[in-house]
Engineer: 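The following block contains the structure, expressed as structure tokens.
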Amino acid sequence: MDLDLTLGQITLRLLLAVLLGAVLGIEREVMGKPAGLRTHMMVSMGAAAFTLVTLEIFSSVRQVMENTRSDPIRIVEGIIGGIGFLGAGTIIRSRGSVEGITTAASIWVVGAVGLACGAGYFKVAGIIVAFAMVIISGVGRLEDRFIRRSENNRRRRARPA
């Protein structure tokens, strides 16, 4: 594995991670969620940066010690754990309800976007963001529409005549 990324390639991977993270972050920001634009951009870029650094280290070690046994996938495990910790911090339990789970999930997904960008899988990153936007925005609207309607119907039926 000879990984000689140019400065332009590294910059492109990091920039794309930032931009795609921003797509999801903007939606969270607009919805007034605790982890918004900057958080999503930073998580995505951080995941891409860790991926790039890991690939560079792996490539360097392989050049020095050809028969070395190293596992660059371990960085993915570390990123997932760290992002899980960030996501857990966005989940709030208040008065019997739990809030922030979707934001936590979007932070986790944006970490995957950063990993994909860092590894150079731009198509995968784009598809992840497209699906995530459909889930966060489109499915969220459907939930609001049908859950509100369902709750209103239950309230009407529960009222004494």
Side-chain angles (χ1 to χ4, degrees), residues 1-63 68-94 97-145 147:
M1 173 187 219
D2 185 22
L3 184 75
D4 251 347
L5 293 176
T6 66
L7 184 59
Q9 291 170 318
I10 292 168
T11 303
L12 175 65
R13 290 179 183 202
L14 290 171
L15 179 62
L16 193 55
V18 168
L19 294 175
L20 290 174
V23 171
L24 297 176
I26 287 170
E27 191 279 337
R28 295 284 82 194
E29 192 77 39
V30 167
M31 298 304 290
K33 301 300 180 180
L37 178 62
R38 293 180 298 163
T39 302
H40 281 74
M41 292 170 78
M42 294 294 287
V43 168
S44 185
M45 182 182 64
F50 280 119
T51 304
L52 285 167
V53 170
T54 300
L55 292 173
E56 290 289 339
I57 290 170
F58 180 73
S59 179
S60 297
V61 169
R62 293 283 291 207
Q63 287 175 6
T68 187
R69 298 184 84 182
S70 61
D71 184 8
I73 299 303
R74 289 183 181 185
I75 194 64
V76 175
E77 295 170 356
I79 290 170
I80 290 170
I83 292 170
F85 179 76
L86 283 174
T90 65
I91 300 172
I92 300 167
R93 184 171 175 198
S94 172
S97 68
V98 177
E99 297 180 15
I101 292 176
T102 302
T103 298
S106 70
I107 289 173
W108 189 62
V109 168
V110 85
V113 169
L115 276 168
C117 289
Y121 297 116
F122 305 131
K123 291 177 186 176
V124 173
I127 292 168
I128 292 168
V129 169
F131 284 172
M133 284 304 296
V134 168
I135 292 166
I136 289 174
S137 297
V139 175
R141 287 187 193 116
L142 288 173
E143 281 180 329
D144 288 345
R145 181 176 178 190
I147 289 173

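Residue numbers run from 1 in the order of the sequence given.
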Engineer: Hey, is the main chain of H40 close enough, under 3.5 Å, to the side chain of S44 for a donor-acceptor pair?
Structural biologist: no

Engineer: Got a second to check how far T11's OG1 is from L5's CG, nearest 0.5 Å?
Structural biologist: 10.5 Å

Engineer: State, to 0.1 Å, how close I91 and G100 come at their nearest heavy-atom pair, and which atoms those are.
Structural biologist: CG1-O, 3.9 Å

Engineer: Counting heavy atoms not belonging to F122, are there more than 12 under 6.0 Å from its CZ?
Structural biologist: yes

Engineer: Work out which heavy atom in A132 is nearest to a heavy atom in L24; give both atom names and the distance.
Structural biologist: CB-CD2, 3.6 Å

Engineer: Less than 4.5 Å apart, any side-chain heavy atom of C117 and any of L20?
Structural biologist: yes

Engineer: For a quick test of reading the model, state the closest non-hydrogen atom pair linking V43 to I107 and the distance between them.
Structural biologist: CG1-O, 3.8 Å

Engineer: To check you understand the geometry: which heavy-atom pair defines the closest contact between R28 and S106, and what is its length?
Structural biologist: CD-OG, 3.6 Å

Engineer: Identify the heavy atoms of A116 and V124 that sit nearest to each other, and give their distance.
Structural biologist: CB-CG1, 4.4 Å

Engineer: In Å and rounded to the nearest 0.5 Å, what is the OG1 to CH2 distance from T103 to W108?
Structural biologist: 15.5 Å

Engineer: At what distance, to the nearest 0.5 angstrom, does CD1 of I26 lie from CE of M133?
Structural biologist: 8.0 Å

Engineer: Rounded to the nearest 0.5 Å, what separates atom CD1 in I136 from atom CE in M31?
Structural biologist: 10.0 Å

Engineer: Roughly how far apart are M45 CE and L52 CG, rounded to 0.5 Å?
Structural biologist: 11.5 Å

